[in-house]
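What follows is a short report on a single structure.
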Amino acid sequence: MDSGQVILAIDCGTTSCRTLAFDHDGQILATEQLALKQYFPEDGWVEHDAVEIWLNTLKTIRATIQTCKDINQLPVAIGITNQRETLVVWDRKTGAPIHKALVWQDRRTAEFCKKLTQEGKGERVQNATGLLLDPYFSASKIAWILDNVPGARARADKGELVCGTVDSYVIWNLTGGKSHLTDETNASRTSLYNIHDGKWDEEMLEIFNVPKSLLPDVLPSVADFGTAAADIIGMSLPICGVAGDQQAASFGQGCFEAGMSKATYGTGCFALVNTGNTPVKSSHKLLTTIACRSGGDVQYAIEGSIFIAGAVVQWMKERMELVEASGETEELAAALESNKGVYLVPAFTGLGAPYWDSEARGAIFGLRRETGKRTIVRAGLESVAYQTRDLVSALNADGYELKSLRVDGGMSQNNWLMQFLSDVLNIPVERSSTIESTALGVAMLAGLYIGFWKDEQDLKKCLGTTKAFLPKMDDEIRQQQLAGWDIAVKSVRYHAELSRG
Ligand SMILES: Nc1ncnc2c1ncn2[C@@H]1O[C@H](COP(=O)(O)OP(=O)(O)O)[C@@H](O)[C@H]1O
Ligand SMILES: O=P(O)(O)OC[C@H](O)CO
């Protein structure tokens with residue numbers, strides 16, 4: 001393979017849009033990133049401006065292509081990975097969104113989902129889609145937009161509107177409106193896709209009141225998604241790899257076989273265990289989801305989802321102004337011997353797995369006269385490790401005992417947290433040398449389509465080395481710490497229950 005060729009990976013994450021150019025060894029030769037504005041219009045509501053997502057993405061693609069030219073590298077294909085579930089509804093003719101994108105963290109449809117649960121729809125939803133009935137997923141977000149934007153439902157019935165997750169919206173724009181497509185990993189996060197039959201499920205469409213005409217066609221992750229037009233990005237390139245960011249990260253970490261697992265620490269944290277061709281139904285409130293496949297039959301994973309991981313650091317930085325940069329949290333936490341009995345439960349938008357409590361809200365416990373910034377920062381970081389313990393316990397209870405945990409994502413740069421995570425889980429934590437596993441994963445998918453890489457064996461050469469963090473916490477201390485966390489979570493949930501009256 002010509003060493004002068006690269007694959008462009010577009011990663012539309014929750015906090016930023018970026019483009020990375022990967023060579024045949026999986027090395028990043030060029031990258032551009034632009035932050036994304038977060039909108040919190042009401043309690044539990046989280047929005048993005050879809051036009052900003054597209055324009056920022058476009059800017060990073062053009063800038064990366066320019067850098068590639070400067071260093072004599074030729075982009076040959078595009079892969080797209082994205083924050084999942086986040087939903088955009090746009091005009092079929094003009095491409096203009098009719099409302100801001102409702103972000104995966106948004107809880108505005110909690111009442112609607114509760115009503116469906118009370119009507120006994122939860123089990124049918126889980127059996128068909130592998131998901132729990134929760135506002136996290138896209139279906140109730142589509143219904144909300146159609147029912148709350150004046151005239152939207154009538155326009156949808158007339159065929160004037162289309163919708164999709166962020167991948168779909170970006171593909172539409174890259175192809176000048178020619179492709180309205182998504183991939184099966186993203187489709188499996190909508191609550192509308194039957195993960196066993198591989199199609200939009202008529203019963204789910206009825207339950208959530210979503211017209212099928214709005215939805216994109218679904219392809220495997222390695223497929224022809226159309227051509228990014230030269231008049232849009234500056235050169236014509238095939239889009240031939242698409243996957244939700246967590247599934248892409250799993251692929252980029254080399255979790256190709258059943259039993260392999262990873263956890264990605266970005267805005268949220270998502271732990272996935274590959275279950276091969278078998279869709280495993282969790283008995284402990286984990287999700288069944290479609291994983292990436294390089295070919296062959298559909299692959300599945302079991303997933304635990306935490307809504308707030310890096311987002312707690314963002315909150316400490318932007319809202320509380322405790323730090324100026326995310327990296328500062330490491331030194332502040334390390335400066336203390338212990339959390340001094342202080343626990344922070346970052347249930348800002350409810351709690352995800354294994355609690356699924358939409359109404360819980362965040363709290364800090366154990367404050368004393370001497371409590372200061374360092375303790376709060378440490379409690380914020382610790383909460384990410386404790387939440388992971390809750391996921392790992394659920395995985396263990398489902399029969400997936402993790403012997404070690406592979407990690408990646410922006411927050412995994414924090415050495416103190418990775419050590420604390422290993423201590424709390426009491427297993428080795430292995431951080432890959434490229435924490436950009438998400439982008440590498442989707443570059444791999446696109447590269448497979450065009451023969452840039454031959455097969456999974458060939459891809460393994462791109463996987464970097466890992467740094468291991470080994471557990472060294474005394475067992476008694478670990479049990480004490482975890483007991484404190486369990487009480488804090490129970491208290492938050494009890495508060496939500498009391499507030500409901
Ligand atoms: N050294 C660090 N310590 C703690 N958190 C960090 C550190 N570096 C980055 N983060 C957090 O990681 C998140 C960004 O990671 P990233 O993988 O880019 O997320 P996303 O894909 O969700 O946008 C941010 O929330 C940021 O606060
Ligand atoms: O933005 P991230 O990397 O935390 O990922 C968001 C997830 O895809 C939401 O399901």
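In this chain, numbering begins with 1 at the start of the sequence shown. Counting starts at 1 for both ligands and their atoms, in listed order.
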* Is it true that the side chains of T264 and D408 contain a donor and an acceptor less than 3.5 Å apart? ->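 Yes, D408 and T264 have a side-chain donor paired with an acceptor closer than 3.5 Å.
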
* Would you check if there is a donor-acceptor pair between the side chains of Q33 and S16 at a distance under 3.5 Å? =>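 Checked: S16/Q33 side chains pair up, N/O donor to acceptor below 3.5 Å.
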
* Steps toward side-chain contact (heavy atoms from CB on, under 4.5 Å) verdict (D390, W485) -> CA-CA 10 Å; D390 293 343; W485 168 255; 3.0 Å; yes

* Using side-chain contact (heavy atoms from CB on, under 4.5 Å) as the criterion, list what pairs up with T275, not counting sequence neighbours. =>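 With neighbours one apart ignored, the set is V280, Y300, I302, Y400.
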
Atoms of ligand 1, numbered as shown, that sit under 4.0 Å from any heavy atom of [X]:
X: T329; result: 3 (N), 4 (C)
X: G310; result: 25 (O), 27 (O)
X: Q413; result: 8 (N), 9 (C)
X: A311; result: 25 (O)

Quick check: [X] and ligand 1, any N/O pair under 3.5 Å apart?
X: G409; answer: no
X: D245; answer: no
X: L381; answer: no
X: N414; answer: yes

* Within reach of ligand 1, part of A309 (heavy-atom separation under 4.0 Å) ->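 For A309, there is no contact with ligand 1 at all, from either part.
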
* Asked: Between L417 and ligand 1, which residue portion shows a heavy-atom distance shorter than 4.0 Å: side chain, backbone, both, or neither?
  ->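 It is neither part, as no heavy atom is under 4.0 Å.
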
* **Option among T329, L332, I376 that satisfies the side chain to side chain contact (heavy atoms under 4.5 Å, CB included) test with L322** =>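 Considering T329, L332, I376, a side chain to side chain contact (heavy atoms under 4.5 Å, CB included) with L322 is found only for I376.
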
* Asked: Does ligand 1 have any atom sitting under 4.0 Å from a heavy atom of E330?
  ->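 It does not, in that no heavy atom of E330 comes within the 4.0 Å cut-off of ligand 1.
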
* **Min heavy-atom dist R18 to ligand 1 below 4.0 Å** =>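 Contact present.
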
Give me the nearest non-hydrogen protein atom to [atom] as residue plus atom name, then the distance to 0.1 Å.
atom: atom 1 (N) of ligand 1; result: G327 CA, 3.5 Å
atom: atom 17 (O) of ligand 1; result: G410 N, 2.9 Å
atom: atom 23 (O) of ligand 1; result: T15 OG1, 2.4 Å
atom: atom 19 (O) of ligand 1; result: G266 CA, 3.5 Å
atom: atom 5 (N) of ligand 1; result: M411 CG, 3.3 Å
atom: atom 27 (O) of ligand 1; result: S326 OG, 3.1 Å
atom: atom 22 (O) of ligand 1; result: T267 OG1, 2.5 Å

* Are R84 and D245 ion-paired here, with the side-chain N under 4.0 Å from a carboxylate O? ->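 Salt bridge: yes.
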
* Asked: Can you name the residues that come within less than 4.0 Å of ligand 2, going by heavy atoms only?
  ->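 Only T14, Q83, R84, E85, W104, Y136, D245, Q246, G266, T267, G268, F270 have heavy atoms that fall under 4.0 Å of ligand 2, ordered by chain and number.
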
* Asked: Is the NZ or CZ atom of K141 positioned over F137's six-membered ring, under 6.0 angstrom from the centre and within 45° of the axis?
  ->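 Ring-cation test returns no.
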
* **Pairs touching residues 40-66 that satisfy ring-ring contact (aromatic ring centres under 6.0 Å, His included), sequence neighbours left out** =>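 Listed by first then second residue: W45-W144.
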
* **Step-by-step side-chain contact (heavy atoms from CB on, under 4.5 Å) determination, Q299 to E257** => CA-CA 9 Å; Q299 299 279 310; E257 286 142 37; over 6 Å; no

* To do: Could you walk me through whether C68 and L29 pass side-chain contact (heavy atoms from CB on, under 4.5 Å), step by step?
  => CA-CA 8 Å; C68 287; L29 299 191; over 6 Å; no

* With sequence neighbours left out, what residues match S282 under side chain to side chain donor-acceptor pair (under 3.5 Å)? ->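 S282 satisfies side chain to side chain donor-acceptor pair (under 3.5 Å) with D398 once adjacent residues are dropped.
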
* Asked: Counting heavy atoms not belonging to K59, are there more than 12 under 6.0 Å from its NZ?
  ->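 Open.
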
* Asked: Which word best sums up how the rings of Y343 and Y386 line up, parallel for under 30°, tilted for 30 to 60°, or perpendicular for over 60°?
  ->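 Tilted, since the angle between the ring planes falls between 30° and 60°.
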
* Which of parallel (below 30°), tilted (30 to 60°) and perpendicular (above 60°) describes W90 and W172? ->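 Perpendicular, since the angle between the ring planes exceeds 60°.
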
* With side-chain contact (heavy atoms from CB on, under 4.5 Å) as the test, would you mind laying out the steps for E47 and R108 before giving the verdict? => CA-CA 11 Å; E47 298 179 346; R108 77 185 65 187; 2.8 Å; yes

